[in-house]
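All of these numbers come straight from a predicted model, not from anything done at the bench.
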Amino acid sequence: MYEGVVQDLIDELGRLPGVGPKSAQRIAFHLLQADPADVRRLADVLIEVKAKVKFCSVCFNVSQDEQCRICRDPRRDPTVLCVVEEYKDVVAIERTREYRGRYHVLGGAISPIDGIGPEQLRIRELMTRLADGTITETILATDPNLEGEATATYLTRMLKPIGLRVTRLASGLPVGGDLEYADEVTLGRAFAGRRSADD
């Protein structure tokens, strides 16, 4: 336990996701030893990002403008919509350079244990986007865990009656992985999602 503002800094850093007490202490002492100009630059960026960044009014991705750059891009396919849980999922998919459609960020996944139901997610906004008939395919790209699967199942039940093509990301073995270390569910899905060797 440190005195005064040092402990306050450790406590604040410890509130960040993924930062435990020891990491918070290490970061705090790194900042104490850093050049004051570097610390000031970090503080300025933190204040600026909080002041300027907001949510896209269409897809709810993070943006500095009313609409994010993906929603503003006329080259993106407006007929395909990829539904993800979080903003970081958009970045992960964009890094693949395989997808040219648009996104919808739910803001989480259904998790009864955490008290998160469908009404806490941006599902109503999703249904509003689908209402005009422009979108013909919805890709459900939720995480392959219990909450992600529950969310995908819930959305599938809502979207199928509309007549949309509803697809789910394939899941299977990671590149560079060994079969012997794959769990039964992953290996089973890899078999179910197998494709022709000519593809």
So, does Asp35 use its side chain to make a donor-acceptor pair with the main chain of Ala37 at under 3.5 Å?
-> yes

Distance only, no hydrogens: is a donor on one side chain within 3.5 Å (strictly under) of an acceptor on the other, for Thr167 and Glu137?
-> yes

Would one find more than 12 heavy atoms of other residues, nucleotides or ligands at under 6.0 Å from atom CD1 of Ile113?
-> no

Any side-chain heavy-atom pair of Gln25 and Lys22 under 4.5 Å | no

Backbone of Arg124 reached by a side-chain donor or acceptor of Thr128 within 3.5 Å | yes

Is it true that a side-chain atom of Asn145 and a backbone atom of Gly148 form a donor plus acceptor pair closer than 3.5 Å?
-> yes

Side chains of Asp65 and Ser63: do they bring a donor and an acceptor to under 3.5 Å?
-> no

Just wondering, are more than 12 heavy atoms of other shown residues or ligands nearer than 6.0 Å to CD in Glu3?
-> no

Salt bridge flag under 4.0 Å for residues Glu94 and Arg102 = no

Is Arg165 atom CZ crowded by more than 12 heavy atoms from other residues, nucleotides or ligands, each under 6.0 Å away?
-> no

Between Asp11 and Gln7, a side-chain donor and acceptor under 3.5 Å | yes

Please state whether the rings of Tyr2 and Phe29 are parallel, tilted or perpendicular, taking 30° and 60° as the class boundaries.
-> perpendicular

Can a donor-acceptor pair be found between the side chains of Thr156 and Arg168 at a distance below 3.5 Å?
-> no

Kindly indicate whether the side chain of Ile139, heavy atoms from C-beta on, has any atom under 4.5 Å from the side chain of Leu81.
-> no

Is there a path from Val62 to Val83 through hydrophobic residues (I, L, V, M, F, W, Y) whose side chains come within less than 4.5 Å of each other?
-> no

Is the side chain of Arg72 donor-acceptor paired with the backbone N or O of Gln67 at a distance under 3.5 Å, no angle test?
-> yes

Will you find, in the side chains of Arg122 and His104, an N or O donor that is under 3.5 Å from an N or O acceptor?
-> no

Between Asp132 (side chain) and Thr134 (backbone), is there a donor-acceptor pair under 3.5 Å?
-> yes

Would a distance-only check, ignoring hydrogens and angles, find a side-chain to backbone donor-acceptor pair under 3.5 Å from Tyr87 to Gly107?
-> no

Has the side chain of Thr79 got a donor or acceptor atom that lies under 3.5 Å from a matching backbone atom of Ile135?
-> no

Among Asp89, Ile110, Thr151, Leu169, side chain to side chain contact (heavy atoms under 4.5 Å, CB included) partner for Thr142 = Thr151

Arg41 and Asp38 ion-paired at < 4.0 Å = yes

